[in-house]
2 protein chains.
Amino acid sequence: MTTLDLAFTALADPTRRRIVARLTRGEARVTDLAQPFAMSLNAVSKHLKLLERAGLVQRRRVGREHFLRLRPAPLRAVQQWASRYERFWNQRLDALGKFLSSPPEKGVDQ
Amino acid sequence: MTTLDLAFTALADPTRRRIVARLTRGEARVTDLAQPFAMSLNAVSKHLKLLERAGLVQRRRVGREHFLRLRPAPLRAVQQWASRYERFWNQRLDALGKFLSSPPEKGVDQ
DNA sequence: CATATATTCAACTTATAGGTTGAATATATG
DNA sequence: CATATATTCAACCTATAAGTTGAATATATG
C-alpha cells in the first residue's frame with residue numbers, strides 16, 4: 001500500500017480524524033486519547049495502530065506510557081493530491097470550453 | 001456516514017483515484033473507464049458505485065451507455081479538511097513554542 | 001513483594017471492501 | 001426478430017476494518 005492509500009484509509013474513520021484533531025493540542029497518551037470516546041481502550045489502541053501505519057502519528061514510550069504525536073507529512077500529501085483538482089471546483093460553467101481544450105493529464109496519481 | 005467518511009473511503013483505493021484522475025479529461029463511459037485496468041468490468045462498476053456514493057462522480061444515462069463525470073465538491077472538502085493542518089507541516093522546530101502557546105482547537109472535524 | 005496502572009496481544013464477531021463468475025436487463029443494429 | 005453491446009444484479013470468496021472481552025506484559029507504587 002502506498003502512502004496515499006494508507007493515509008486515506010486512516011482518515012476515513014471519524015474517530016481517527018478526531019484523534020488527529022486532538023493531537024494538534026500536543027502529545028497525548030493512549031488513555032488520554034481514548035477518554036472522549038464511548039468505546040473500549042482496545043478499540044482506540046487499534047485506531048492508533050492504523051494512524052501509526054499511515055505515518056500520521058509517532059509513538060514515544062516513557063515507562064509504561066505511550067505518548068503519541070502528530071506527524072503531518074501524510075496530511076500534506078493528501079492536501080496536495082486533492083489540490084490538483086482545485087481548478088475543477090473553481091471553474092465557472094462559462095470556463096468549460098477552456099477546460100475541455102486544455103492538454104490531457106499525464107501521470108496523475110501513483 | 002458523513003461526506004468526509006465517504007470521500008476518504010472512496011479515495012483510499014488507487015483504482016478509484018486513477019478513475020478520478022481520468023475523469024479530469026472529461027466524461028467517460030463505464031467501459032472506457034474500465035479499459036486501463038486488469039480487472040473485470042464488474043469490479044470497475046463497483047468502484048464507480050463507491051465514487052457515486054461519495055458524490056465524486058455523477059452518472060448520466062444515454063440509452064444503454066452510462067456517462068460518468070467528476071463532481072469536485074468532495075475533493076474540495078478533503079482539501080479543506082487537510083488544509084487545517086497546514087501550519088503543522090510548515091512550522092519550523094523553533095516555532096514549536098508558539099504552537100504550544102496557541103489556544104486549543106474548538107469543534108474540529110464533524 | 002503485592003497491587004494498581006498503562007498498554008498490547010489474542011481470539012472472536014460482524015460488516016464491508018474488492019474481486020470473481022454467471023445471469024439478467026436494456027438498448028442498438030443487421 | 002435475432003443478435004450484439006453496455007451495464008447491472010446476484011451469489012460467492014477472501015481480506016480487513018471495527019468493535020468486543022479476557023489475558024498477558026511491563027512499569028509504578030504502597
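Predicted model, so just to flag it, every value in this text is computed and none were measured. A, B, ... follow the sequence lines: proteins, then strands. Residue 1 opens every chain. All values below come from the heavy atoms of this structure, side chains included, with hydrogens, waters and symmetry mates left out.
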J.: Classify the side chain of A/Arg64 and the base of C/dT7 as holding, or not holding, a donor-acceptor pair under 3.5 Å.
T.: no

J.: Output the single nucleotide from D/dT8, C/dT8, D/dT7 whose closest atom is nearest the side chain of B/Ser45.
T.: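 Looking only at side-chain atoms, B/Ser45 lies closest to D/dT8.
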
J.: What integer distance in Å separates A/Glu65:CD from D/dA28:P?
T.: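 These atoms are roughly 8 Å apart.
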
J.: Describe the nucleic acid contact of A/Leu41 in one word from base, sugar-phosphate, nothing, applying a heavy-atom distance below 4.0 Å.
T.: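 Base, at least one base heavy atom under 4.0 Å.
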
J.: When you match A/Thr9 and A/Ala43 each to their closest nucleotide on DNA chain D, which lands nearer the 5' end?
T.: A/Thr9

J.: Compare side-chain N and O positions of B/Ser40 against OP1 and OP2 of C/dG19 and report whether any pair is under 4.0 Å apart.
T.: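 It does not, given that no N or O in the side chain of B/Ser40 lies less than 4.0 Å from OP1 or OP2 of C/dG19.
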
J.: Counting Watson-Crick and G-U wobble pairs only, both distances under 3.5 Å, name the nucleotide matched with D/dT29, or none.
T.: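 Paired with D/dT29, as far as the under-3.5 Å criterion goes, is C/dA2.
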
J.: Rounded off to whole Å, could you give me the NE2-to-C1' distance for the B/His47 and C/dT16 pair?
T.: 14 Å

J.: Find which nucleotide of DNA chain D each of A/Val62 and A/Ala12 is nearest to by heavy atoms, and output the residue with the more 5' nucleotide.
T.: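 Per heavy-atom nearest nucleotide, the more 5' residue is A/Ala12.
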
J.: What is the base-pairing partner of C/dA24, counting Watson-Crick and G-U wobble geometry with both distances under 3.5 Å?
T.: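 Base-paired to D/dT7.
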
J.: In whole angstrom, what separates B/Phe37's CZ from C/dG19's P?
T.: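 Atom-to-atom, B/Phe37 to C/dG19, this comes out as 10 Å.
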
J.: With both distances under 3.5 Å as the test, what is the Watson-Crick or G-U wobble partner of D/dT14?
T.: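 D/dT14 is paired with C/dA17.
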
J.: Is the A/Phe8 ring parallel, tilted or perpendicular to the A/Trp81 ring (thresholds 30°, 60°)?
T.: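 Rings of A/Phe8 and A/Trp81: perpendicular, over 60°.
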
J.: Measure from CG on A/Asp13 to P on C/dA17 and round the result to the nearest Å.
T.: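 One finds 13 Å between P of C/dA17 and CG of A/Asp13, rounded.
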
J.: B/Thr9 side chain to B/Asp5 main-chain N or O, any donor-acceptor pair under 3.5 Å?
T.: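 The answer is yes, because a donor-acceptor pair under 3.5 Å joins these two groups.
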
J.: Starting from P on C/dA10, measure out to NZ on A/Lys49 and report it in whole angstrom.
T.: 10 Å

J.: Return the value, rounded to whole Å, for the distance between atom CG of A/Leu11 and atom C1' of D/dA17.
T.: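 It works out to 15 Å between those atoms.
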
J.: Could you check how far CG of B/Asp32 sits from P of D/dT5, rounded to whole Å?
T.: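 Atom CG in B/Asp32 sits about 15 Å away from atom P in D/dT5.
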
J.: Test of understanding: clusters of I, L, V, M, F, W, Y form through side-chain heavy atoms closer than 4.5 Å, transitively. Do A/Leu4 and B/Tyr85 belong to the same one?
T.: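 Both belong to a single hydrophobic cluster.
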
J.: Ignoring the backbone of A/Arg61, work out which of C/dT27, D/dA26, D/dA17 is nearest its side chain.
T.: D/dA26

J.: Please pick, from C/dC9, D/dT8, D/dT20, the nucleotide with the shortest atom-to-atom distance to any side-chain atom of B/Val30.
T.: D/dT8

J.: Which nucleotide in the list D/dA18, C/dG18, D/dT8 gets nearest to the side chain of B/Leu50?
T.: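 Minimum distance to the B/Leu50 side chain belongs to C/dG18.
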
J.: Does B/Gly63 or B/Met1 map to a spot on DNA chain C nearer the 5' end, using the closest nucleotide for each?
T.: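 Its nucleotide being nearer the 5' end, the pick is B/Met1.
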
J.: Counting side-chain heavy atoms from CB outward, which of D/dT20, D/dA18, C/dT20 is closest to A/Arg16?
T.: D/dA18

J.: Of all the heavy-atom pairs spanning A/Arg18 and A/Pro36, show the shortest one and how long it is.
T.: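 Smallest heavy-atom distance, with atoms named: NH2-CB, 3.7 Å.
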
J.: Which residue, A/His66 or A/Lys46, contacts DNA chain C at a nucleotide closer to its 5' end, judged by nearest heavy atom?
T.: A/His66

J.: Any N or O donor-acceptor pair under 3.5 Å from the base of D/dG22 to the side chain of A/Asn42?
T.: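 Flag set: donor-acceptor pair detected.
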
J.: Taking C-beta and beyond as the side chain, do B/Arg22 and B/Asp32 meet within less than 4.5 Å on heavy atoms?
T.: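 The answer is yes; the side chains approach within 4.5 Å.
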
J.: May I ask you to verify if any side-chain N or O of A/Arg53 is less than 4.0 angstrom from the OP1 or OP2 atom of D/dA17?
T.: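 Checking A/Arg53 against D/dA17: at least one side-chain N or O falls below 4.0 Å of OP1 or OP2.
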
J.: Without decimals, in angstroms, what is the distance between B/Asp5 CG and D/dA18 C1'?
T.: 13 Å

J.: Do you reckon A/Val44 sits in the same ILVMFWY cluster as A/Leu70, going by side-chain contacts under 4.5 Å, direct or chained?
T.: yes

